[in-house]
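What follows is a single structure, written as C-alpha cells, with notes after it.
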Amino acid sequence: MTESARLTAVIDGYVQGVGFRWSVRARAADLGTVTGHARNLADGRVEVVAEGAREECAQLLDWLRTGDTPGRVDTVTEHWGPATSDHDGFTIR
C-alpha cells in the first residue's frame, strides 16, 4: 500500500504574477492523484499544499526546487504531515 502524506511548501522568490500557481496545478495533475492548492501569500511568497501518495508529493517538491518553473525560485521550505483528505482536486486560491 502506498503511504499518503501532506506536503506544505512555501516558495520564496519571484513567484507571483508569473503563472507560478497555474504551473504547480498542471504539474500536480501530471503526477496523477495529487490534490491540494496553491495560493499567494501577502508577503510575496506562494504556499503549496499537496496531498496524495508520498512519492508523488516528493516528486512535486523536487520539481519546485529544480527552478524549472515560471519566475524564479530562491528557497523552498517544506513541512510533512499526515494526509487530511480535505481537498477535492487541486485548486488555485
Side-chain angles (χ1 to χ4, degrees):
M1 179 176 216
T2 302
E3 178 188 2
S4 293
R6 177 183 181 108
L7 165 68
T8 302
V10 178
I11 299 90
D12 194 6
Y14 179 57
V15 290
Q16 289 190 11
V18 294
F20 186 85
R21 294 174 299 153
W22 297 97
S23 67
V24 172
R25 184 178 77 166
R27 180 65 181 148
D30 289 345
L31 290 171
T33 60
V34 175
T35 63
H37 69 266
R39 71 181 179 114
N40 286 339
L41 299 176
D43 62 5
R45 298 178 300 165
V46 169
E47 176 190 64
V48 174
V49 175
E51 290 192 357
R54 186 176 180 92
E55 180 180 319
E56 290 180 355
C57 291
Q59 288 176 25
L60 180 63
L61 179 62
D62 289 345
W63 177 80
L64 289 168
R65 288 191 164 134
T66 65
D68 189 25
T69 61
R72 183 192 75 246
V73 172
D74 292 335
T75 60
V76 179
T77 304
E78 69 182 272
H79 173 75
W80 290 92
T84 62
S85 302
D86 60 354
H87 292 94
D88 184 25
F90 198 96
T91 60
I92 305 300
R93 295 187 178 172

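Below, each value reflects all heavy atoms present in this structure, side chains not excepted, and no hydrogens, waters or symmetry copies.
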[atom1]-[atom2] distance between [X] and [Y], expressed to the nearest 0.5 angstrom:
X: R25; Y: T91; atom1: CZ; atom2: OG1; result: 8.5 Å
X: L7; Y: R54; atom1: CG; atom2: CZ; result: 8.5 Å
X: D74; Y: D12; atom1: CG; atom2: CG; result: 6.0 Å
X: T69; Y: I11; atom1: OG1; atom2: CD1; result: 8.5 Å
X: R93; Y: L41; atom1: CZ; atom2: CG; result: 12.0 Å

Under 3.5 Å donor-acceptor, [X] side chain and [Y] backbone:
X: E78; Y: L61; value: no
X: R39; Y: V46; value: no
X: R65; Y: V76; value: yes
X: Q16; Y: N40; value: no

| message | Which heavy atom of C57 sits nearest to which heavy atom of A50, and what is that distance? | response | SG-O, 3.7 Å
| request: Using a strict cut-off of less than 4.0 Å between a Lys/Arg side-chain nitrogen and an Asp/Glu carboxylate oxygen, indicate whether R6 and D86 qualify as a salt bridge. | output: yes
| query | Using 4.0 Å as the upper bound for N to carboxylate O, is an ion pair formed by E56 and R27? | reply | no
| message | Checking L60 against L31 for the side chain to side chain contact (heavy atoms under 4.5 Å, CB included) test, could you report, in this order, the C-alpha distance in whole Å, the side-chain angles of both residues, the deciding distance, and whether it holds? | response | CA-CA 8 Å; L60 180 63; L31 290 171; 3.7 Å; yes
| request: Indicate whether any N or O donor in one side chain lies under 3.5 Å from an N or O acceptor in the other, for T8 and E47. | output: no
| Heavy atoms from other residues, nucleotides or ligands near CG of D62 exceed 12 (cutoff 6.0 Å) | yes
| request: Would you indicate whether the side-chain heavy atoms of S23 and W63 approach each other to under 4.5 Å? | output: yes
